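Only a predicted model underlies this, so the values are computations on that prediction, with no experimental measurement involved. The chain is numbered in sequence order, starting from 1.
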Amino acid sequence: MEDQLKLNPNSVNGLSESSAPSYDNSDDEDTPVLSSHTLAALKEFLSEQQSHSDAGDSEVSLVSEDWRLSQFWYDSETAKTVAEEVLTLSNGVDSRVACIACPTLYAYLKKMDPYVSVQLLEYDKRFEQYGSDYTFYDYNHPEELPSELKHSCKVIVADPPYLSKECLEKVAETVSFLRQPGELFLLLLTGEVQKERAAEILDLHPCGFRPHHFSKLGNEFRLFSNYDPGTRLGGWEK
């Protein structure tokens, strides 16, 4: 069970409380002293932020990753590749694009095409800065969404917050709520461990393209689709 409950890089749902830095105030000095464990974590966080800046992530408007919430954004290649695919699919389609728990993709989509109609469904309320493009989303309540979003999307990209069957099933309920009648283009970014479940629950197939994140992750991530992308995204894996 523990292996199934690892946090997905693009959601904050998994933490029930904030792990703010702890201070050692045992002496009489006014200046607080960070514990060695917290100091090491803080140094690693600052180092990662600098490396992200050096890598050119300033191309898009993103809030910083919150190390206390285990947030990790897609690297530029992954974000651009998936965004290009979404824009190809949505060209000429009169409907919204839904980004479920993948704010990096939302940011790149708006950077590459400011006029694309895209809705970000995300737990982290810092993304309220995106105005009407943002909708608060808790996968535990998969259909508690504004009525105007029901059956409004032809292209949906989802990045579930947990690598568990229960979470994927609930995200699938959200997909059913959002999808327009008729043809649907669905992309799923999740761990390799979800491969069989992705096929069983959503009838998805793995693509050759491998998603990556700026920060190193222990889980191998994959991109799945419900349609054959042909020569794009590395094609369906045979």
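- For the atom pair L233 CG and L187 CG, the distance stands at 6.5 Å (nearest 0.5 Å).
- Centroid-to-centroid, the aromatic rings of F221 and H213 come within less than 6.0 Å.
- Under a hydrophobic clustering in which Ile, Leu, Val, Met, Phe, Trp and Tyr are joined whenever their side-chain heavy atoms come within less than 4.5 Å, directly or via other members, V116 and Y130 fall into the same cluster.
- Annotation: side chain of L168 is in contact with side chain of Q194 (closest heavy-atom distance under 4.5 Å).
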How far apart are the C-alpha atoms of L89 and Y227, what are their side-chain angles, what is the distance that settles it, and do they pass the side-chain contact (heavy atoms from CB on, under 4.5 Å) test?
CA-CA 11 Å; L89 296 172; Y227 64 93; 3.2 Å; yes
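- Summarising the geometry, atom CZ belonging to F185 is positioned 10.5 Å from atom OG1 belonging to T88; distances are rounded to the nearest 0.5 Å.
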I'd like to know whether V155 forms a side-chain contact (heavy atoms from CB on, under 4.5 Å) with R96, so could you lay out the CA-CA distance, the side-chain angles of the two residues, the decisive distance to 0.1 Å, and finally the verdict.
CA-CA 7 Å; V155 182; R96 291 186 179 96; over 6 Å; no
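- Residue pairs that meet the salt bridge (charged side-chain N to carboxylate O under 4.0 Å, His left out) test with at least one member in residues 142-151, sequence neighbours left out, do not exist here.
- Residues V93 and V97 fall into different hydrophobic clusters, defined by Ile, Leu, Val, Met, Phe, Trp and Tyr side chains chained together at heavy-atom separations under 4.5 Å.
- When all heavy atoms of W73 and T104 are compared, the closest pair comes out as CB-OG1, 3.5 Å.
- Taking the six-membered ring for Trp and the full ring otherwise, Y74 and Y108 have centroids separated by 6.0 Å or more.
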Less than 3.5 Å apart, which donor and acceptor atoms pair up between the side chains of residues 175-182 and the rest of the protein, not counting sequence neighbours?
residue	atom	partner	partner atom	Å
S176	OG	A172	O	3.2
R179	NH2	G182	O	3.0

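- Salt bridge absent: K80 and E85 never bring a charged side-chain N and a carboxylate O closer than 4.0 Å.
- T190 contributes atom OG1, which lies 10.0 Å from atom CD of E192 (distance to the nearest 0.5 angstrom).
- Annotation: side chain of V86 is in contact with side chain of L109 (closest heavy-atom distance under 4.5 Å).
- D75 is linked by a side chain to side chain donor-acceptor pair (under 3.5 Å) to T78, counting only residues two or more places apart in sequence or in another chain.
- By the 4.5 Å heavy-atom criterion applied to side chains, L121 and F127 are not counted as neighbours.
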What do the steps show when you test R197 against E169 for side-chain contact (heavy atoms from CB on, under 4.5 Å), and what is the final call?
CA-CA 9 Å; R197 293 173 186 148; E169 288 175 337; over 6 Å; no
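- Using a 4.0 Å cut-off between charged nitrogen and carboxylate oxygen, K110 and D133 count as a salt-bridge pair.
- Here the closest non-hydrogen pair linking K195 and P206 is CE-CG, 3.8 Å.
- Inter-residue side-chain proximity for W236 and S225 is flagged as met; some heavy-atom pair is nearer than 4.5 Å.
- A pairwise comparison of heavy atoms in P142 and K170 identifies CB-O, 3.1 Å as the closest pair.
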side-chain contact (heavy atoms from CB on, under 4.5 Å) between C99 and V118, worked out:
CA-CA 7 Å; C99 292; V118 56; 3.7 Å; yes
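- S95 and C153 get closest at one heavy-atom pair: OG-C, 4.2 Å.
- Using modelled atom types, one side-chain atom of N226 and one backbone atom of L184 make a donor-acceptor pair closer than 3.5 Å.
- In this structure, the separation between CE on M112 and CG on L105 is 9.5 Å, given to the nearest 0.5 Å.
- Between K125 and F136 there is a side-chain heavy-atom pair separated by less than 4.5 Å.
- The side-chain heavy atoms of T174 and Y139, taken from C-beta on, include no pair separated by under 4.5 Å.
- Within the 3.5 Å criterion, the main-chain N or O of C167 finds a donor-acceptor partner in the side chain of S164.
- A distance-only check finds a donor-acceptor pair linking the side chain of H212 to the backbone of R210 [under 3.5 Å].
- Side-chain contact between Q119 and I156: absent, with no pair of heavy atoms (C-beta onward) separated by less than 4.5 Å.
- Residues P146 and T135 are in side-chain contact: their nearest non-hydrogen atoms beyond the backbone lie under 4.5 Å apart.
- Looking at E84 and R232, no side-chain N of the basic residue comes within less than 4.0 Å of a carboxylate O on the acidic one, giving no salt bridge.
- Across every non-hydrogen atom of P160 and V171, the tightest pair is CB-CG2, 4.0 Å.
- Residues Y134 and Y123 come closest through the heavy atom pair OH-O, 3.9 Å.
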